[in-house]
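For reference, the structure discussed in these notes is given below.
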Amino acid sequence: MKKFAHDFKVVGNNPLNARHFVLELQAPVPLPEILPGQFVQVLVHNSPSTFLRRPFSVHFADYSKNTLSLLVQIKGEGTRHMGMLKTGDTLNLVYPLGNSFSAPSSGKVLLVGGGAGVAPLMIMGDYLNRKNIRPDFLVGFRSADEVSQMDQYARYGKVYLSTDDGSMGEKGFVTQHPVFATSPLPYDRICCCGPDAMMHAVAKLAAAKGVACEVSLENFMACGYGVCLCCITQTDTGNERVCIEGPVFETSRLKW
Amino acid sequence: MKKFAHDFKVVGNNPLNARHFVLELQAPVPLPEILPGQFVQVLVHNSPSTFLRRPFSVHFADYSKNTLSLLVQIKGEGTRHMGMLKTGDTLNLVYPLGNSFSAPSSGKVLLVGGGAGVAPLMIMGDYLNRKNIRPDFLVGFRSADEVSQMDQYARYGKVYLSTDDGSMGEKGFVTQHPVFATSPLPYDRICCCGPDAMMHAVAKLAAAKGVACEVSLENFMACGYGVCLCCITQTDTGNERVCIEGPVFETSRLKW
Amino acid sequence: MQFKNPVTTASGCFGYGEEFKDFYDLGLLGGIFVKAVTGSNRPGNKYPRMAETASGMLNSVGLQNKGVDNFCKVIYPKIKDFNTQIIVNVSGSTIEEYVMVAERINELENIPAIELNISCPNVKEGGMAFGVVPSTATEVTRAVRGVYKKVLMVKLSPNVTSICEMAKAVVDGGADVLTLINTLLGMAVDAETRRPVISTITGGLSGPAIKPVALRMVWQVFKAVDVPIVGLGGIMNTTDAIEFMLAGASVIQVGTANFIDPMVAPKIAEGINEYLDRHNIASARDIVGALKVC
Amino acid sequence: MQFKNPVTTASGCFGYGEEFKDFYDLGLLGGIFVKAVTGSNRPGNKYPRMAETASGMLNSVGLQNKGVDNFCKVIYPKIKDFNTQIIVNVSGSTIEEYVMVAERINELENIPAIELNISCPNVKEGGMAFGVVPSTATEVTRAVRGVYKKVLMVKLSPNVTSICEMAKAVVDGGADVLTLINTLLGMAVDAETRRPVISTITGGLSGPAIKPVALRMVWQVFKAVDVPIVGLGGIMNTTDAIEFMLAGASVIQVGTANFIDPMVAPKIAEGINEYLDRHNIASARDIVGALKVC
Ligand SMILES: Cc1cc2nc3c(=O)[nH]c(=O)nc-3n(C[C@H](O)[C@H](O)[C@H](O)COP(=O)(O)OP(=O)(O)OC[C@H]3O[C@@H](n4cnc5c(N)ncnc54)[C@H](O)[C@@H]3O)c2cc1C
Ligand SMILES: Cc1cc2nc3c(=O)[nH]c(=O)nc-3n(C[C@H](O)[C@H](O)[C@H](O)COP(=O)(O)OP(=O)(O)OC[C@H]3O[C@@H](n4cnc5c(N)ncnc54)[C@H](O)[C@@H]3O)c2cc1C
Ligand SMILES: Cc1cc2nc3c(=O)[nH]c(=O)nc-3n(C[C@H](O)[C@H](O)[C@H](O)COP(=O)(O)O)c2cc1C
Ligand SMILES: Cc1cc2nc3c(=O)[nH]c(=O)nc-3n(C[C@H](O)[C@H](O)[C@H](O)COP(=O)(O)O)c2cc1C
Ligand code: FES
Ligand code: FES
């Protein structure tokens with residue numbers, strides 16, 4: 001698939017809460033189709049401590065406005081800089097990168113996300129809707145003050161919510177949510193993105209219940225397009241590049 | 001003399017022309033007295049290619065507003081960044097650094113400057129006025145479109161002007177200006193700051209006419225406060241640090 | 001052998017070139033130095049394999065590749081008709097392995113040269129060990145020279161007391177061209193977890209951070225030995241490339257910079273032409289080693 | 001000898017301490033390593049002496065100083081009562097010169113230690129030459145050990161194939177403490193003028209660019225020899241300092257960072273305390289070499 005490096009224009013920077021924001025970026029040329037689960041590599045200008053690009057999942061693509069958006073959690077220098085971007089600023093992106101969540105043509109899909117890992121669920125919801133599938137969402141946050149975009153997910157499907165402290169939705173981790181209580185599970189496929197611990201727990205649960213499960217890994221990357229071999233994860237077919245063969249993997253293939 | 005490192009607030013950024021601007025910076029604590037010829041070391045944040053601080057002469061100090069200003073010529077990455085600073089931004093300065101032009105208690109003084117080298121002439125004019133001396137100014141620019149601040153110099157003394165291309169004032173280098181045509185010169189002292197070639201020419205002329213002359217050197221600096229020994233110039237007493245024993249030197253002492 | 005322009009891409013930073021076809025026409029490049037090839041399949045080192053550092057990065061990939069047999073049968077057919085020079089980076093743990101790989105690559109018609117990697121800091125055996133002792137470096141070069149009939153380049157390690165001594169040693173062994181430099185051995189620590197950042201503790205430092213060391217070595221070797229030099233280490237833009245050529249590099253490689261800007265190599269090729277025009281210099285050859293030192 | 005805290009300032013980056021009295025109370029520092037002192041007056045190298053590089057700088061000061069006699073008579077009286085440890089960085093071009101300087105410094109009551117600089121890359125004779133050959137390093141250390149009765153530190157050059165071999169060589173010669181690292185030999189070129197940027201063509205690279213190399217060497221030497229290590233190379237902040245301590249440095253030096261932020265050294269001293277508090281660690285000593293590697 002053709003890849004590009006372009007200066008995007010910041011057309012929106014919307015804080016969700018103290019640690020998360022959504023950047024809306026307009027492409028200088030017509031966007032190619034972006035698949036759910038694909039990511040971009042962002043060049044953080046003007047910072048001596050951010051030498052390498054930073055990878056972010058595409059949160060949403062709006063072809064009518066020719067924009068993509070990123071949902072970003074502030075971690076260090078790079079994401080802090082991104083958080084200060086203003087409308088009119090530019091940001092250089094390499095895109096579109098990586099594979100994507102698989103797209104069942106029918107069946108019931110559960111999209112599970114936690115923290116900034118919810119990012120790709122939105123574009124996935126949109127994508128599934130366009131295939132006439134309404135997925136369920138199960139999103140987990142630390143507490144009520146980090147819960148956001150519930151109405152937007154709701155446009156694409158039913159939304160379940162967990163918070164670690166129980167301040168909103170179910171209390172506890174997503175895997176403790178009643179959605180997972182039934183056996184067999186009413187899903188043909190689970191797609192999950194979130195902290196490592198969450199993905200492991202969900203993968204284990206899915207395996208136990210015999211449901212196909214995909215996760216989107218966030219390994220450290222230098223290039224993002226398959227040439228440095230820094231981002232590898234062990235699979236049943238050996239070391240695979242998370243940036244090319246992934247970031248989405250069938251959990252049954254992973255040795256993690 | 002006590003030295004400080006503080007975040008100053010940008011309270012003005014006034015372009016003089018395409019390559020020069022004046023930054024007005026407010027100190028967070030009451031400014032100490034700044035002597036004419038002293039300089040500051042500016043930390044250019046947020047740029048991977050500007051590791052070291054950048055030295056700039058103090059252009060003016062306004063104790064009533066607790067501000068200093070810098071007159072900056074855009075050369076490379078560092079000065080380009082400084083040019084984009086906006087009111088409200090902060091800039092870290094180490095100050096006040098270096099010695100100063102000598103302050104005669106009487107007599108006739110000629111202040112000569114070219115390009116960004118005019119920067120310290122303004123604070124020197126103000127300083128001499130407060131000692132009841134009205135200096136003459138001789139300022140040189142490339143062409144009319146770089147001529148600026150003439151009315152401000154005129155507040156402190158008589159102003160002569162040269163441009164390289166003759167598009168305003170006398171044509172040619174400052175040393176070709178009629179001011180220098182008479183013998184003996186009607187000055188007891190010349191203070192000069194500008195490109196190396198200009199300072200050399202003025203120093204030679206002053207020596208030939210027997211007038212005391214000081215120049216402000218712009219050697220490459222790493223620290224700016226005397227500890228790295230990178231900025232040295234050869235003098236009659238050996239290698240001296242331009243940042244401590246200078247930047248102002250009596251030209252008779254220099255072996256340059 | 002001829003390069004259509006002095007800009008090539010460094011081994012390990014450009015895969016086998018195929019990934020970059022998604023970005024631009026590979027014909028814009030002078031050449032491509034492909035990822036290290038060893039005698040047999042190597043899974044490489046454990047994850048994590050990289051750390052970001054000030055103006056640079058550490059890597060510890062550990063020569064992951066599927067071995068020379070796979071290279072000849074699977075990869076070579078896919079890349080042999082790229083409209084640019086393809087040079088294979090040959091690595092190993094023993095002299096025999098280097099020789100075996102070189103012998104196999106020698107048979108590949110469209111590969112005009114190999115680059116002997118005696119400088120990889122990220123493998124336990126062999127690798128850099130060959131590149132830091134002059135006599136061993138001569139020995140491995142000579143052994144490969146015995147079987148390899150085309151252009152033999154040797155890539156030197158900067159982790160030595162005297163780069164000139166190493167350069168002479170491999171030229172004695174029969175090297176036609178010297179590539180310098182590989183990565184500096186470095187380390188990164190996570191102060192919060194109190195652990196090393198990469199799985200092998202130490203790794204190879206690349207990027208602009210090492211450019212001053214690389215330039216110095218190119219210059220020292222340019223004055224000391226009389227073979228062409230391929231220069232690299234932190235080249236991010238045209239100016240950097242020109243600096244290496246002035247210091248003595250006939251050809252330059254772009255490594256880590258490919259990760260920051262995938263389009264950078266053709267931009268540099270273009271930029272060199274603009275530089276030559278602006279300075280009224282007829283050919284890139286005229287600036288090689290043209291540093292004015294008095 | 002005792003340092004009141006592990007934060008000291010590096011030779012050549014802090015003058016004789018006097019200039020920094022304009023910024024803060026020197027009593028906040030663990031110690032000050034003053035600028036190199038040689039046998040007699042040295043004017044140093046020609047201007048220009050520095051070049052900015054990516055996350056670092058090159059310098060080529062060339063040991064400018066007024067000689068040991070001037071140090072003892074003029075400088076020592078001004079600095080001897082600073083409320084911190086003062087260590088003299090001893091340099092020379094011959095073994096005799098090192099010995100002579102060490103002998104004179106030995107007489108100065110308030111100087112508890114010297115740091116033998118066998119690693120300066122910026123002088124034609126001596127300097128680094130002593131620091132890259134193990135036998136010579138042993139010899140000069142042993143000769144100085146013969147006359148110097150207090151704590152003998154030796155500062156090593158990173159421009160070597162095996163830092164451990166050098167470390168062992170100077171410990172054999174009688175070193176009590178090792179300082180590492182000095183600058184990496186580098187070079188800068190001005191592509192527009194086609195000239196070297198500094199007068200001596202090559203110079204010493206310092207700053208964050210070299211931190212990965214410095215950390216690696218501290219860690220290697222920490223595992224290989226059993227004397228305390230003073231670690232430096234690109235330390236800009238508390239996190240960097242902690243990293244060096246985890247890798248094995250008992251004391252750290254702040255060098256080039258003093259040029260970027262003159263207040264940085266006391267900030268780091270303060271920051272280390274906060275780190276220890278936050279991690280519930282009783283004493284800075286407890287993190288020295290405490291890197292978890294499994
Ligand atoms: C495929 C992929 C998709 C991602 N999608 C998102 C997303 O949609 N939203 C989001 O907020 N985050 C996402 N991340 C994580 C994001 O890339 C990191 O949080 C970001 O790089 C941190 O940069 P920083 O400069 O702020 O932090 P730093 O100060 O550099 O580091 C803070 C922490 O971030 C992590 N990190 C640093 N560099 C990298 C790197 N090169 N690759 C991966 N992790 C790194 C490390 O854990 C590090 O300790 C994704 C990562 C990957 C690999
Ligand atoms: C005491 C002193 C006072 C000065 N006063 C003024 C002033 O009032 N106004 C003004 O416009 N300029 C002044 N300068 C020059 C100014 O410091 C440089 O133009 C500036 O550092 C360039 O930075 P840059 O990042 O834009 O350029 P860079 O891209 O770093 O370099 C462009 C050119 O600037 C010069 N330069 C770079 N670094 C330094 C350095 N550390 N020290 C000196 N020169 C350097 C070099 O010639 C270089 O080729 C002064 C310099 C000194 C030493
Ligand atoms: C991720 C990575 C992998 C590398 N793999 C190899 C390799 O397989 N063989 C080799 O000779 N050099 C390898 N290198 C070294 C580079 O080819 C180059 O010598 C070094 O990175 C310095 O150049 P740079 O600063 O331009 O990247 C690798 C470098 C990186 C960053
Ligand atoms: C301008 C300058 C002058 C130096 N002079 C000396 C010196 O006289 N003696 C010495 O042992 N090291 C000298 N050094 C090396 C430093 O002490 C230190 O080893 C090196 O800079 C690496 O540390 P840093 O990256 O923290 O600066 C000098 C370094 C610089 C930048
Ligand atoms: S990040 Fe380079 S191969 Fe995946
Ligand atoms: S700039 Fe460091 S001594 Fe002058």
Side-chain angles (χ1 to χ4, degrees), chain A residues 1-7 32 38 40-45 47-55 75-79 92-98 196 217-246 254-256, chain C residues 9-24 32 34-36 41-66 122 188 192 197-199 203 206-209 234 236 255-264 267:
Chain A
M1 189 177 343
K2 267 215 104 29
K3 295 176 183 136
F4 308 91
H6 283 136
D7 279 338
Q38 287 195 304
V40 300
Q41 278 274 57
V42 171
L43 186 64
V44 183
H45 284 287
S47 162
S49 63
T50 50
F51 174 65
L52 297 168
R53 285 178 184 259
R54 302 293 192 255
K75 275 275 190 96
E77 205 46 26
T79 45
N92 191 274
L93 263 56
V94 177
Y95 69 101
L97 303 172
D196 260 10
L217 301 184
E218 299 200 348
N219 283 16
F220 294 156
M221 295 184 173
C223 68
Y225 20 92
V227 300
C228 75
L229 307 184
C230 286
C231 62
I232 53 102
T233 191
Q234 272 189 287
T235 72
D236 53 3
T237 53
N239 280 338
E240 301 261 35
R241 296 166 298 181
V242 169
C243 68
I244 289 268
E245 281 83 37
L254 289 175
K255 302 185 173 170
W256 52 333
Chain C
T9 54
S11 179
C13 303
F14 209 72
Y16 302 105
E18 292 181 290
E19 288 82 1
F20 275 82
K21 282 197 295 186
D22 291 342
F23 288 112
Y24 56 81
I32 297 173
V34 301
K35 176 73 192 161
N41 179 59
R42 290 181 77 113
N45 295 327
K46 279 219 203 96
Y47 180 84
R49 293 177 172 186
M50 69 132 216
E52 190 178 42
T53 65
S55 298
M57 64 174 282
L58 290 169
N59 88 81
S60 179
V61 171
L63 301 180
Q64 175 179 336
N65 79 105
K66 295 210 163 81
N122 299 326
E192 289 305 309
V197 179
I198 55 184
S199 68
S206 63
M236 298 295 284
T256 304
N258 290 301
F259 309 159
I260 313 303
D261 177 7
M263 312 298 285
V264 71
K267 280 185 198 162

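Since we're looking at a predicted model, the values are computed, not measured. To find a chain, count down the sequence lines: A is the first, B the second, and so on, and within it residues start at 1.
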Is it true that A/Tyr225 and C/Phe259 have ring centroids separated by less than 6.0 Å?
no
Quick check: do A/Cys228 and C/Asn59 have side-chain heavy atoms less than 4.5 Å from each other?
no
Under a 4.5 Å heavy-atom cutoff, which of A/Thr233, A/Ile244, A/Asn219, A/Val94 has the most pairs with chain C?
A/Asn219
For chain A, which candidate among C/Gly17, C/Pro208, C/Gly207 shows the most heavy-atom pairs at distances under 4.5 Å?
C/Pro208
Is there side-chain contact between C/Asn258 and A/Val227, with at least one heavy-atom pair below 4.5 Å?
no
With a 4.5 angstrom heavy-atom cut-off, which part of C/Lys35 approaches chain A: side chain, backbone, both or neither?
side chain
What's the spacing between C/Lys46 NZ and A/Ile232 CD1 if we round to 0.5 Å?
10.5 Å
Calculate, to the nearest 0.5 Å, the distance between atoms CG and CE belonging to A/Asn92 and C/Met263 respectively.
10.5 Å
In terms of heavy-atom proximity below 4.5 Å to chain C, should A/Phe4 be classed as side chain, backbone, both, or neither?
backbone
Quick one: do A/Arg54 and C/Glu52 make a salt bridge, cutoff under 4.0 Å?
yes
Between C/Ile198, C/Asp22, C/Asn41, which shows the greatest number of heavy-atom pairs under 4.5 Å with chain A?
C/Asp22
From CD1 (C/Ile260) to CD (A/Gln41), nearest 0.5 Å
9.0 Å
Does the side chain of C/Met50 come within less than 4.5 Å of A/Leu229's, by heavy atoms?
no
Side chain, backbone, both or neither: which part of C/Tyr47 has a non-hydrogen atom closer than 4.5 Å to chain A?
both
Using non-hydrogen atoms only, which part of C/Tyr16 is less than 4.5 Å away from chain A: side chain, backbone, both, or neither?
neither
On a heavy-atom basis, the closest approach of C/Glu19 and A/Gly226 is OE2-O, 3.8 Å
Which bit of A/Leu43 is near chain C, if near means a heavy-atom gap under 4.5 Å: side chain, backbone, both or neither?
side chain
